[in-house]
Chemist: 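Structure provided below as structure tokens; questions to follow.
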Amino acid sequence: MSETAPSPAEGVKDFVRDVIREDLASGRVAEVVTRFPPEPNGYLHIGHAKSICLNFGIASEFGGRCHLRFDDTNPTKEEIEYIDAIQEDVRWLGFDWGEHLYFASDNFDKLYGYAVHLIEQDKAYVDDLSPDEIREYRGTLTKPGTESPSRNRTVSENLDLFARMKAGEFADGSHVLRAKIDMASGNMNMRDPVLYRILNATHPRTGDAWHIYPTYDFAHGQSDAIEGITHSVCTLEFEDHRPLYDWLIKNTPVPSTPHQYEFARLNLTYSVLSKRKLMQLVNEGHVEGWDDPRMPTISGYRRRGIPAAALRDFAQRIGVTKSDSTVEVELLNHCVRDHLNKAAERRLAVLKPLKVVIENYPEGQTEEIDAINNPEDETAGKRKVAFSRELYIEQDDFMEDPPKKFFRLGPGREVRFRYAYFITCREAIKDDDGNIIELRCTYDPETRGGNAPDGRKVKGTIHWVSAAHAIDAEINMYDHLFNRPDPGAEVDFLNDINAASKTVLTGCKLEPSLAQTKVGEAVQFERQGYFALDRTSRADHLVYNQTMALRDGWAKIQAKEKSGGK
RNA sequence: UGGGGCGUGGCCAAGUGGUUAAGGCGCCGGUUUUUGGUAUCGGUAUUCGGAGGUUCGAAUCCUCCCGCCCCAGCCA
């Protein structure tokens, strides 16, 4: 578990909180009770994080509580694995439901009782139409439906049939319990919606105790009422269900009167955020699991090294409204960098090594140089890094024929090796194919620490690592999982998968302290980005995941020159 | 005339009849800098989907129109 989310976020304002303030002020409610109601049929993603932050955030801001309730009404799709993963993710995000962990399945007896009550009031009936027939009878968007022949069964007949459904006398799909509302309603949800269906399946929690299971519409609102939820916040697609939600609350002897409010679900560029699609990515092996660092899942972000605080900050910045919106992933990236810049310790690491020999540096000599752990946080202190005659620098930090604005190393150029010395390149050594394989350089002993006593300046500072002291690692570099901001907009989303979303770098050279960082906790590799040790990493085979690259001004300059620029 | 929603800069999003139309992200430019990072300064909507109307005054009220999203699972 990570740290707990800090309570009252000041000045958070949106239409849901407006409603709550009014309800509190008018006395409609005495306390605020919300809930986060996942169905355990997949892993949580960042869209859920938005909802979690909203529901738990509201509870803490208004001194109320937020329940974690599993909407486990469909045993054919739900699994214990998901129940466990979801709890871990919510906790990691920094939220605590205390004693208030619930399952819709805990209410199965009560729900059955409510159903019987509806039948007794002649507000529900058992229908024996087949699924296909029910669809036909339902009509279309523009044509009213037709009443089922079963609609006028007597109460006692319905009671008997429903009891037998419960007893397991019938096959899946043979009967269904429906609310008796209005087959001509413009709202399809009111055309005698199904309340119970027969499912001869084993439920993760109730096992084989039941043969009938309540539908979402019947279980959700009634569970809200049973738990005393005051504000049931869900996404826009349930707006049409609100009349049914209210109808069921009104016609059922529930202990409280919750109200439903709807907000827009999150869409993120370069991502898919639907459980069905995420499930497909996992099942078809397009990614390496639900927690693949490229996945927009909570567990994926965690594995990538993204801090929970960044996700919470993101959720707050995007706001809560009723308008469909697609947030640019750059905002998420900004939140991640913003948090990591302040929190992550700095280290020196070379991703694509190029050997450097300091010709005038004594062979066999090593010195310990002070390096600052985090310039944004003095309490992080300093550490020693070893400097010696043979080093590695980044291949990208040398150019044989550098353009004007290139501030790094080139033949005859002098740069600063971070925290160490001014280094001048004397010669680039190539192999038979013309590839540069080594740089011969000299250092200025007077510049130890990185400053010249004569006041001479240098344009660039580059990172390095001592060859003899460096440890090897494999590093996973990540890019968008999809090639376009709106995957699936033109063809199936799988065709938009970015084949280069993952690049494995081997033989990376890290400063020795990087042998033992905490799994999932990002550190900054100076000038490169943030990286976190992967859970599969072992002492003899280190594996780091790129969490997020640093903003790269040089890359921008290059892109500009290449495109239209001069 | 099926029902339900939504339209404020490239992306989010405040705004609820009188403000120079907040803020963030992004982008552009400057400064600082031992991370081309960070920080910092400045620029980035004469205009709120469109057209009418009400009003001394409208993004905010009215009318009509246009566009987009959701609903015909015994999924949630």
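Heavy atoms only: backbone and side chains are in, while hydrogens, waters and symmetry mates are out. No experiment lies behind these values; they were computed from the predicted model shown.
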Chemist: Which nucleotide in the list B/rU16, B/rU35, B/rG36 gets nearest to the side chain of A/Asp18?
Modeler: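 From the listed options, B/rU16 comes nearest.
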Chemist: How would you label the contact of A/Thr321 with the nucleic acid (heavy atoms, under 4.0 Å): base, sugar-phosphate, or nothing?
Modeler: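 Sugar-phosphate contact only - A/Thr321 comes under 4.0 Å of backbone atoms but never of a base.
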Chemist: Does a salt bridge link A/Asp127 with A/Arg151, judged by any charged N lying under 4.0 Å from a carboxylate O?
Modeler: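 Between A/Arg151 and A/Asp127 there is no salt bridge, as every charged N stays at least 4.0 Å from the carboxylate O atoms.
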Chemist: Where do A/Phe108 and A/Tyr196 come nearest, in terms of heavy atoms and distance?
Modeler: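 Heavy atoms of A/Phe108 and A/Tyr196 come nearest at O-OH, 4.0 Å.
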Chemist: Would you mind pulling out the nucleotide paired to B/rC68, Watson-Crick or G-U wobble, both distances under 3.5 Å?
Modeler: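 Matched B/rC68 with B/rG5 under the 3.5 Å cut-off.
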Chemist: If I take atom CD in residue A/Glu394 and atom C1' in nucleotide B/rU35, what distance separates them, rounded to the nearest angstrom?
Modeler: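 After rounding, the reported distance stands at 13 Å.
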Chemist: Expressed in whole Å, how much space separates the C1' atoms belonging to B/rA76 and B/rG36?
Modeler: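 After rounding to an integer number of Å, I get 49 Å for this pair.
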Chemist: B/rC69, OP1 or OP2 - any side-chain N/O from A/Lys322 closer than 4.0 Å?
Modeler: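 Negative; the distance criterion is not met.
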Chemist: May I ask you to say what A/Ile557 touches in the nucleic acid, namely base, sugar-phosphate or nothing, with a heavy-atom cut-off under 4.0 Å?
Modeler: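 It contacts base atoms.
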Chemist: Just N and O in the side chain of A/Arg408: are any of them under 4.0 Å from OP1 or OP2 of B/rG36?
Modeler: no
Chemist: For a quick check of understanding: with a heavy-atom distance under 4.0 Å over all strands, which category does A/Arg242 fall into, base, sugar-phosphate or nothing?
Modeler: nothing
Chemist: For RNA chain B, whose closest nucleotide is more 5', that of A/Lys457 or that of A/Asn341?
Modeler: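 Looking at the nearest nucleotide for each, A/Lys457 comes out on the 5' side.
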Chemist: Does A/Lys277 make a cation-pi contact with A/Phe493 (under 6.0 Å, within 45 degrees of the axis)?
Modeler: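 Yes, cation above the ring, under 6.0 Å and within 45°.
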Chemist: Indicate, with a heavy-atom threshold strictly under 4.0 Å, whether A/Phe422 touches base, sugar-phosphate, or nothing.
Modeler: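 No contact at all - A/Phe422 keeps every heavy atom at 4.0 Å or more from the nucleic acid.
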Chemist: Could you state the CZ-P distance from A/Arg265 to B/rG5, rounded to the nearest angstrom?
Modeler: 19 Å
Chemist: In the structure shown, which nucleotide is the Watson-Crick or G-U wobble counterpart of B/rG26, with both distances under 3.5 Å?
Modeler: B/rU44
Chemist: Taking atom P of B/rU16 as reference, at what distance in whole Å does atom CG of A/Asp14 sit?
Modeler: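 So the CG-P distance, A/Asp14 to B/rU16, works out to 16 Å.
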Chemist: Less than 4.0 angstrom from a charged side-chain N to a carboxylate O is my criterion; do A/Glu237 and A/Arg265 meet it?
Modeler: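 Here A/Glu237 pairs with A/Arg265 in a salt bridge, since their nearest N and O are under 4.0 Å apart.
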Chemist: Does the Lys NZ or Arg CZ of A/Arg69 fall within the cation-pi geometry relative to A/Phe103 - under 6.0 Å from the ring centre and within 45° of the axis?
Modeler: no
Chemist: Less than 4.0 Å between a side-chain N and a carboxylate O, is that true for A/Lys384 and A/Asp370?
Modeler: yes
Chemist: Measure the distance from NZ on A/Lys13 to P on B/rA22 and round it to the nearest whole Å.
Modeler: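 These atoms are roughly 17 Å apart.
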Chemist: Applying the Watson-Crick and G-U wobble criteria at under 3.5 Å, what pairs with B/rU35? Answer none if nothing qualifies.
Modeler: none
Chemist: With a 6.0 Å cut-off (strictly less than), is the heavy-atom count around NZ of A/Lys322, excluding the residue itself, greater than 12?
Modeler: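 Above 12, so yes.
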Chemist: Give A/Glu526 one of three labels, base, sugar-phosphate or nothing, depending on what nucleic acid heavy atoms sit under 4.0 Å from its own.
Modeler: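 If one applies the 4.0 Å heavy-atom cut-off, A/Glu526 turns out to touch a base.
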Chemist: Whole angstroms only, please: what is the CD-C1' distance between A/Glu376 and B/rU40?
Modeler: 13 Å
Chemist: Can you tell me, in whole Å, how much space there is between the P of B/rG53 and that of B/rA14?
Modeler: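 My reading of the P atoms in B/rG53 and B/rA14 gives 31 Å.
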Chemist: For B/rG43 versus B/rA51, give the span between their P atoms, rounded off to a whole number of Å.
Modeler: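 That atom pair is separated by 29 Å.
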Chemist: So does A/Glu561 pair up with A/Lys405, basic N to acidic O under 4.0 Å?
Modeler: yes
Chemist: If pairing requires Watson-Crick or G-U wobble contacts with both distances under 3.5 Å, which nucleotide is the partner of B/rG17?
Modeler: none
Chemist: Quick one: what's the B/S/- string for nucleotides 24-33 of chain B, heavy-atom cutoff under 4.0 Å, read 5' to 3'?
Modeler: SB-SSS----
Chemist: For a quick check of understanding: with a heavy-atom distance under 4.0 Å over all strands, which category does A/Gln528 fall into, base, sugar-phosphate or nothing?
Modeler: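 No contact.
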Chemist: Rounding to an integer number of angstrom, what distance separates B/rC62 and B/rG42 when you compare their P atoms?
Modeler: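 It works out to 40 Å between them.
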Chemist: Rounded to the nearest angstrom, tell me the gap between atom CD in A/Glu345 and atom C1' in B/rG37.
Modeler: 17 Å
Chemist: Could you run through nucleotides 70-76 of chain B and give me one letter per nucleotide, 5' to 3': B if any protein heavy atom sits under 4.0 Å from the base, S if only the sugar-phosphate is that close, - if neither?
Modeler: BBBSBSB
Chemist: Specify the glycosidic conformation (syn or anti) of B/rG73, with syn defined as within 90° of 0.
Modeler: syn
Chemist: Does the salt bridge (charged side-chain N to carboxylate O under 4.0 Å, His left out) test come out yes or no for A/Glu511 and A/Arg383, once each step is laid out?
Modeler: CA-CA 11 Å; A/Glu511 84 171 65; A/Arg383 69 184 185 289; 2.6 Å; yes
Chemist: Roughly how far apart, to the nearest Å, are B/rC27 and B/rC12 at atom C1'?
Modeler: 15 Å
Chemist: When the P atoms of B/rU38 and B/rG30 are considered, how many whole Å apart are they?
Modeler: 16 Å
Chemist: Mind calculating the distance between CZ (A/Phe314) and C1' (B/rA13) to the nearest angstrom?
Modeler: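 To the nearest whole Å, that distance equals 13 Å.
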Chemist: Between A/Ser185 and A/Glu239, which is nearer to the 5' end of RNA chain B once each is assigned its nearest nucleotide?
Modeler: A/Ser185
Chemist: Specify whether A/Phe525 and A/Phe531 have parallel, tilted or perpendicular ring planes, treating 30° as the upper limit for parallel and 60° as the lower limit for perpendicular.
Modeler: parallel
Chemist: More than 12 foreign heavy atoms under 6.0 Å from CD of A/Glu490: is that the case here?
Modeler: no
Chemist: Sticking with atom C1', work out how far B/rC64 lies from B/rC25, rounded to a whole angstrom.
Modeler: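 37 Å, rounded to whole Å.
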Chemist: With both distances kept under 3.5 Å, what pairs with B/rU63, Watson-Crick or G-U wobble?
Modeler: B/rA51
Chemist: Taking CG from A/Leu266 and P from B/rC11, how many angstroms apart are they, rounded to a whole number?
Modeler: 16 Å
Chemist: Using the P atom as the reference point in each nucleotide, state the distance between B/rU60 and B/rC68 in Å, no decimals.
Modeler: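 Taking atom P in both B/rU60 and B/rC68, they lie 23 Å apart.
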Chemist: Taking the six-membered ring for Trp, are A/His175 and A/Phe170 parallel (under 30°), tilted (30 to 60°) or perpendicular (over 60°)?
Modeler: tilted
